[in-house]
Amino acid sequence: MKIGYACQNMTIPTRFRTCRLKTMEKEGMEKIKELTLANIAMLKQVIEWNIENNITFFRVSSDMVPFATHSKMTWSWQDDEEVKMNLSEILELQKAHGLRLSMHPGQYTILNSPKEHVVENAIKDLEYHADFLERIGGSDMIIHTGGAYGDKEAAKEAFIKSYLTLSDKVRSLLRLENDDKTFHSRDVLSIHDQCGVPICFDLHHELCFNRSLSELELIIEEVLSTWKHTALRPKMHLSSGKKAENDPAHADYIREEDFERMLILLGDQKVDIMLEAKAKEKALIKLLDNK
């Protein structure tokens with residue numbers, strides 16, 4: 001089992017850089033290249049720190065290439081020799097240490113939107129993430145279903161329709177996560193049944209629907225089966241509610257009882273777990289120190 005953390009390292013600490021659109025317009029693509037190279041260097045530093053601390057699972061920030069999919073972006077970072085060289089160094093680390101690297105496109109990457117331009121932008125964003133992951137040996141990118149827009153079943157069908165138009169590269173990396181408000185595990189499992197997208201199960205999100213232990217056991221069994229056509233170990237998310245187990249807000253650290261519940265539910269099933277705790281690597285280290 002690999003246990004990881006997401007995006008930022010508070011010990012180093014990290015700072016992935018971006019700029020305002022006006023800055024890009026004023027300083028041009030050289031500024032974007034400068035920021036991208038700085039972000040890649042920071043990512044490499046984080047990964048090297050992780051390796052030194054025996055952490056082999058990490059979620060990479062989506063902000064590696066500022067304005068990557070913006071209409072005014074004219075620089076092809078994928079073809080830049082400096083960028084390729086620096087990313088190849090991360091790829092070498094990934095291969096040498098068996099790292100699992102993932103990304104999680106943001107809340108505006110919505111495949112089931114009724115607005116065509118939103119879906120088009122979402123697909124562009126997924127292609128960017130897939131391109132970046134491909135160059136560092138990444139294995140997963142996670143998204144949510146989107147909004148219900150007054151008709152949840154129709155919204156699920158809209159997701160499936162968009163998913164089936166995605167490139168093979170994107171679909172090979174894409175995983176669908178249950179959320180804490182609208183599309184619970186049964187919903188995303190029904191989407192899987194129609195299009196085959198693997199499910200990234202979030203225990204905290206499902207607890208927001210007040211599931212019993214027996215219900216969770218059945219859900220996890222079905223979730224694990226969605227990964228059978230991949231060559232990867234299933235991936236799951238774990239966090240603790242800030243004020244209670246069904247509080248959607250994330251706590252700084254993982255409560256030991258939440259981790260124990262996850263282990264009980266998994267039994268002898270092998271999965272990789274991404275911690276979504278606000279204290280990042282500090283939460284991971286504290287959790288492992290208590291074991």
Side-chain angles (χ1 to χ4, degrees), residues 4-53 55-97 99-109 117-118 120-143 167 169-170 173-174 274 278 280-282:
Y5 67 99
C7 298
Q8 299 285 336
N9 183 297
M10 300 177 70
T11 302
I12 293 176
T14 57
R15 178 173 173 262
F16 294 107
R17 300 172 59 194
T18 187
C19 66
R20 296 183 179 182
L21 180 59
K22 287 184 178 180
T23 302
M24 181 178 79
E25 291 172 338
K26 180 180 178 181
E27 300 188 39
M29 295 300 103
E30 284 302 314
K31 183 63 175 181
I32 300 303
K33 178 175 176 176
E34 172 196 329
L35 295 173
T36 298
L37 288 172
N39 288 343
I40 293 170
M42 179 59 72
L43 175 60
K44 184 182 178 186
Q45 186 179 354
V46 173
I47 288 174
E48 289 173 337
W49 186 95
N50 288 346
I51 291 168
E52 290 172 4
N53 289 273
I55 298 171
T56 56
F57 189 14
F58 182 66
R59 178 189 296 166
V60 178
S61 169
S62 291
D63 299 328
M64 301 304 299
V65 183
F67 298 104
T69 61
H70 197 278
S71 60
K72 293 187 177 181
M73 176 74 148
T74 59
W75 172 56
S76 176
W77 63 270
Q78 299 95 326
D79 299 321
D80 187 277
E81 292 303 322
E82 282 188 88
V83 170
K84 288 197 289 186
M85 180 183 69
N86 284 275
L87 290 178
S88 70
E89 293 175 359
I90 294 175
L91 178 60
E92 288 174 7
L93 290 172
Q94 184 275 322
K95 291 179 177 178
H97 299 276
L99 307 179
R100 186 166 191 169
L101 302 174
S102 67
M103 297 180 84
H104 196 326
Q107 60 181 324
Y108 300 111
T109 304
H117 75 277
V118 173
E120 290 174 353
N121 288 337
I123 293 173
K124 290 178 184 177
D125 194 46
L126 293 176
E127 289 288 349
Y128 153 65
H129 282 81
D131 283 347
F132 198 89
L133 284 169
E134 183 180 49
R135 285 158 176 78
I136 61 171
S139 59
D140 311 274
M141 56 182 173
I142 315 301
I143 63 169
S167 67
K169 179 168 64 176
V170 169
L173 294 162
L174 196 63
M274 173 57 63
K278 291 186 175 181
K280 306 298 182 180
E281 83 290 346
K282 295 180 183 292

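Remember, predicted model here, so these are calculated numbers, not experimental data.
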When the ring planes of F132 and W77 are compared, do they come out parallel, tilted or perpendicular, using 30° and 60° as the limits? tilted
Between [atom1] on residue [X] and [atom2] on residue [Y], distance to nearest 0.5 Å:
X: L126; Y: L173; atom1: CG; atom2: CG; result: 10.0 Å
X: M42; Y: N39; atom1: CE; atom2: CG; result: 8.0 Å
X: C19; Y: K26; atom1: SG; atom2: NZ; result: 12.0 Å
X: H129; Y: K124; atom1: NE2; atom2: NZ; result: 15.5 Å
X: L91; Y: L87; atom1: CG; atom2: CG; result: 9.0 Å
X: S102; Y: L133; atom1: OG; atom2: CG; result: 7.5 Å

Are [X] and [Y] close enough that a side-chain donor and a side-chain acceptor fall under 3.5 Å?
X: Y108; Y: D125; result: no
X: H97; Y: T56; result: no
X: Q8; Y: S61; result: no

Side-chain donor or acceptor of [X] paired with backbone N/O of [Y] under 3.5 Å:
X: Y128; Y: V65; answer: yes
X: E281; Y: M10; answer: yes
X: Y5; Y: I55; answer: no

Check whether any side-chain heavy atom of [X] lies under 4.5 Å from a side-chain heavy atom of [Y], and answer yes or no.
X: Q78; Y: R135; answer: yes
X: W75; Y: V83; answer: yes
X: L21; Y: F67; answer: yes
X: L43; Y: M64; answer: yes
X: L99; Y: I51; answer: yes

So which atom in [X] and which in [Y] form the shortest heavy-atom distance, rounded to 0.1 Å?
X: P66; Y: M73; value: O-CE, 3.9 Å
X: L93; Y: E48; value: CD1-CG, 4.0 Å
X: W49; Y: N9; value: CE3-ND2, 3.2 Å
X: V46; Y: F58; value: CG1-CZ, 3.7 Å
X: M103; Y: S62; value: CE-CA, 3.8 Å
X: M141; Y: V170; value: CE-CG1, 3.5 Å

Contacts of T69 meeting side-chain hydrogen bond (donor to acceptor under 3.5 Å, both in side chains) (sequence neighbours excluded), chain-then-number -> none
Given R100 and D140, is the salt bridge (charged side-chain N to carboxylate O under 4.0 Å, His left out) satisfied, shown in steps? CA-CA 8 Å; R100 186 166 191 169; D140 311 274; 2.8 Å; yes
Output yes when D63 and R17 qualify as a salt bridge under the 4.0 Å nitrogen-oxygen rule, no when they do not. no
Output side-chain donor-acceptor pairs under 3.5 Å for residues 27-36, partner residues at least two apart or in another chain, one line each.
from	atom 1	to	atom 2	distance (Å)
K33	NZ	D80	OD2	3.0
K33	NZ	E82	OE2	2.9
T36	OG1	I32	O	2.8

Which residues satisfy the salt bridge (charged side-chain N to carboxylate O under 4.0 Å, His left out) test with K278, sequence neighbours excluded? none
Please assess D79 against K84 for the test salt bridge (charged side-chain N to carboxylate O under 4.0 Å, His left out), listing each intermediate value before the final yes or no. CA-CA 7 Å; D79 299 321; K84 288 197 289 186; 5.5 Å; no
